[in-house]
2 protein chains.
Amino acid sequence: MDKKSPIKITLTERNDAVTITQWVYQTLRNAVMYGEILPGRALTIRELAGIMDVSPMPVREALRQLAAENALEIQGNRRVMVPKMTAMKFNELCEARIAIESHAAARALPYIDGERLEQLHSLDALIDQAQAADNLEQISLLNQNFHRALYTANPHQVTLPLIESLWLQLGPFMRLATNELDEHYLVDRHNEAMAAIEKKDAYALQIAISADIREGIAFAGTPEMLHSLIENSEP
Amino acid sequence: MDKKSPIKITLTERNDAVTITQWVYQTLRNAVMYGEILPGRALTIRELAGIMDVSPMPVREALRQLAAENALEIQGNRRVMVPKMTAMKFNELCEARIAIESHAAARALPYIDGERLEQLHSLDALIDQAQAADNLEQISLLNQNFHRALYTANPHQVTLPLIESLWLQLGPFMRLATNELDEHYLVDRHNEAMAAIEKKDAYALQIAISADIREGIAFAGTPEMLHSLIENSEP
DNA sequence: GCTACTACTTTGTGATCACAAACATTAGAT
DNA sequence: ATCTAATGTTTGTGATCACAAAGTAGTAGC
């Protein structure tokens with residue numbers, strides 16, 4: 001029956017306040033983000049519906065939405081799967097993150113008030129704690145929250161959806177990398193970013209954000225490392 | 001029955017080779033892109049299904065996909081509409097275009113070969129013709145093709161979907177602006193871009209692309225102009 | 001005349017069914 | 001033994017139906 005590896009998805013409790021489609025969407029999104037689904041593995045509507053114990057309809061809609069966000073890929077065969085990664089594509093995604101996120105940071109800078117600064121500081125402190133506890137999942141989650149909190153300071157923000165799309169595409173492979181290398185320690189560039197924010201220095205902020213992104217992925221950026229994790233994606 | 005303005009959508013012939021959902025998606029996408037649907041106008045599944053003479057199902061999927069691309073907005077009420085524009089948001093969209101597209105251009109530059117250069121030259125020539133004929137629709141369509149041809153030279157391109165999302169969000173308002181101002185003539189920055197490409201000068205190319213985008217929207221960028229077209233969106 | 005409650009309509013959501021294309025498997029011919 | 005043709009199964013697509021939430025209108029009460 002299961003020709004491929006059985007899909008294992010972490011199911012969260014379904015809140016009755018949200019629609020089934022939204023719940024399925026969030027569940028699948030997390031599964032992709034945390035690399036629970038192997039790239040190249042064909043996803044069928046009915047199989048997922050069976051796993052999550054819902055009708056095929058919400059799954060259909062969630063899959064289409066994730067495909068529109070480039071988290072999934074619909075081939076000509078109408079088959080849906082997590083897109084496979086290549087070294088060049090990985091590099092392009094990282095460079096795109098740097099270009100867009102440093103832009104978003106600079107655009108958000110003028111809007112950062114005391115309250116937002118407070119929020120960023122507390123997130124930074126939490127990240128330090130998580131780093132001391134060596135909790136990789138927590139680190140990457142808080143790191144996302146930090147970046148999101150920074151960019152959303154701009155009330156006319158339009159780039160966050162684009163940035164989240166890039167995170168989604170990189171997600172599975174960041175995870176695979178962090179799983180393999182638990183000895184990585186990343187210099188805390190957030191302190192530099194905080195200093196730049198307090199000085200309202202847009203250029204310094206862009207430098208700090210760029211460095212943060214570059215170092216966050218540097219441990220996966222060596223050609224050998226990349227090669228190995230890409231090979232892991234092949235059947 | 002029609003409490004709001006009746007929706008008028010240009011329907012193209014449906015090719016049997018594509019699925020109904022794809023056809024509906026393309027039709028609605030064009031309608032949004034060309035400003036055929038007023039921002040703020042509530043879109044209902046059944047109404048659109050009736051107009052396009054299909055069942056509600058393909059419309060549902062197409063709407064969700066367009067919403068995922070930020071072309072439509074789903075409010076808390078579950079109502080779907082073309083998002084309203086504000087002057088600040090318009091500005092953010094333009095700045096985002098400049099940041100991402102100049103990045104994409106620089107990243108594509110090393111991959112441009114003779115064939116691609118030829119293609120860009122012929123597109124440039126077509127734009128000149130359309131400009132001579134004062135065919136605004138043709139100009140903006142060809143302009144898009146020019147940019148797309150440039151960015152897709154990079155075989156590991158990952159930013160084009162993001163760029164298209166920005167085009168979609170700006171689309172309706174570019175159209176409104178060009179309709180109101182038929183006296184605008186834009187300096188042909190494509191020649192500068194072509195020169196930069198032939199010299200393989202990434203920095204000059206970024207300058208040219210930025211200028212092209214900035215001038216393409218400059219006629220709508222004056223506060224009065226913007227104010228008027230945003231007012232037009234209100235009921 | 002204005003507000004609040006109720007009945008009615010509209011609309012999105014989700015399940016089920018029918019169907020055709022894609023896929024896998026098996027049988028037959030060279 | 002290998003390639004091809006035929007058969008059976010799986011899967012996405014699209015239509016229809018049931019239902020609950022949101023919206024609308026109409027009426028009673030102050």
Side-chain angles (χ1 to χ4, degrees), chain A residues 1-7 9 11 13-29 37 40-68 71-83 235, chain B residues 1-7 9 11 13-29 37 40-68 71-83 235:
Chain A
M1 189 66 76
D2 293 326
K3 354 210 133 167
K4 293 278 200 165
S5 57
I7 296 181
I9 295 178
L11 301 174
E13 194 65 26
R14 189 168 90 227
N15 184 355
D16 281 0
V18 288
T19 63
I20 295 182
T21 301
Q22 288 172 326
W23 177 74
V24 171
Y25 168 78
Q26 273 300 334
T27 303
L28 288 179
R29 185 189 153 101
I37 305 174
R41 171 70 156 86
L43 297 179
T44 67
I45 294 176
R46 285 175 173 89
E47 182 185 14
L48 291 174
I51 293 176
M52 306 179 71
D53 194 35
V54 296
S55 92
M57 189 69 48
V59 177
R60 226 210 277 194
E61 307 226 321
L63 286 182
R64 195 171 284 271
Q65 187 166 347
L66 286 166
L72 297 177
E73 186 181 285
I74 27 181
Q75 303 174 295
N77 338 340
R78 294 168 175 176
R79 273 274 160 71
V80 178
M81 60 179 217
V82 178
Chain B
M1 189 67 73
D2 293 326
K3 353 211 133 166
K4 293 279 201 160
S5 57
I7 297 181
I9 295 179
L11 301 174
E13 193 66 25
R14 189 166 90 228
N15 183 356
D16 280 1
V18 283
T19 63
I20 296 182
T21 301
Q22 289 172 325
W23 176 74
V24 170
Y25 167 77
Q26 273 300 334
T27 304
L28 287 179
R29 185 189 152 100
I37 305 174
R41 171 71 156 84
L43 297 179
T44 67
I45 294 177
R46 286 175 172 88
E47 181 186 13
L48 291 174
I51 293 175
M52 305 180 71
D53 194 34
V54 296
S55 92
M57 189 69 48
V59 177
R60 226 209 279 195
E61 308 227 320
L63 286 182
R64 195 170 284 271
Q65 189 166 347
L66 286 166
L72 297 177
E73 185 182 286
I74 27 182
Q75 303 174 295
N77 340 340
R78 294 169 173 174
R79 272 273 159 71
V80 177
M81 60 179 220
V82 178

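Numbered from 1 within each chain, the chains take letters A, B, ... in sequence-line order. Fair warning: this is a prediction, and the values are worked out from it, not measured in the lab.
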Practice task
Give the rounded distance in Å between these two atoms: CZ of A/Arg78 and C1' of C/dC23.
Solution key: 13 Å

Handout entry: Phosphate-side-chain proximity, B/Thr21 and D/dG14, N/O vs OP1/OP2 below 4.0 Å
Key = yes

Problem - Spacing of B/Ile45 atom CD1 relative to C/dT10 atom C1', expressed in whole Å - result: 12 Å

Exercise for the section: Let me know the distance between CE of A/Met81 and P of D/dT11, rounded to the nearest Å. Expected result: 17 Å

Fill in the blank from the handout: Residues A/Pro83 and A/Glu73: closest non-hydrogen pair is CB-OE1, 3.4 Å

Exercise for the section: Would you name the heavy atoms of A/Val59 and A/Ile45 that are closest together and state the gap between them? Expected result: CG1-O, 3.9 Å

Fill in the blank from the handout: From CD of B/Glu61 across to P of C/dT13 the rounded distance in Å is 12 Å

Exercise for the section: Identify, with sequence neighbours excluded, every residue that meets side-chain contact (heavy atoms from CB on, under 4.5 Å) alongside A/Pro58. Expected result: A/Ile20, A/Thr21, A/Val24, A/Ser55

Exercise for the section: Applying side-chain hydrogen bond (donor to acceptor under 3.5 Å, both in side chains), name anything that partners B/Gln22, two or more places apart in sequence or on another chain. Expected result: B/Thr19

Exercise for the section: Let me know the distance between CG of A/Leu48 and C1' of D/dG12, rounded to the nearest Å. Expected result: 13 Å

Exercise for the section: Mind running side-chain contact (heavy atoms from CB on, under 4.5 Å) on A/Leu43 and A/Leu28 for me, showing each step along the way? Expected result: CA-CA 11 Å; A/Leu43 297 179; A/Leu28 288 179; 5.9 Å; no

Fill in the blank from the handout: side-chain hydrogen bond (donor to acceptor under 3.5 Å, both in side chains) filter on A/Gln26, not counting sequence neighbours, yields none

Considering only nitrogen or oxygen atoms on both sides, find all protein atoms under 3.5 Å from nucleotides 15-20 of chain D and state each distance.
from   : atom 1 : to      : atom 2 : distance (Å)
D/dA15 : OP2    : B/Ser55 : N      : 3.2
D/dA15 : OP2    : B/Ser55 : OG     : 2.0
D/dA15 : O5'    : B/Ser55 : OG     : 3.3

Practice task
May I ask you to say what B/Ile74 touches in the nucleic acid, namely base, sugar-phosphate or nothing, with a heavy-atom cut-off under 4.0 Å?
Solution key: nothing

Handout entry: Pairs touching residues 49-60 of chain B that satisfy salt bridge (Lys or Arg N to Asp or Glu O under 4.0 Å), sequence neighbours left out
Key = A/Glu61-B/Arg60

Completion exercise
When rounded to whole Å, the CD to C1' distance for the pair A/Gln22 and D/dA21 reads 14 Å

Problem - Nearest heavy-atom neighbours spanning B/Ala68 and A/Gln65 - result: CB-CG, 3.9 Å

Problem - Bend angle of the helix from C/dG1-D/dC30 to C/dT30-D/dA1, from helix axes over five pairs at each end, nearest 10° - result: 10°

Practice task
Using a cut-off of 6.0 Å, state whether more than 12 heavy atoms not belonging to A/Ile74 lie near its atom CD1.
Solution key: no

Fill in the blank from the handout: A/Asn77 CG to C/dC23 P, in whole Å, measures 5 Å

Problem - Nucleotide D/dG23, atom C1' - distance to CD of B/Gln75 in whole Å - result: 13 Å

Exercise for the section: Would you indicate what A/Leu43 reaches in the nucleic acid, counting non-hydrogen atoms under 4.0 angstrom: base, sugar-phosphate, or nothing? Expected result: sugar-phosphate

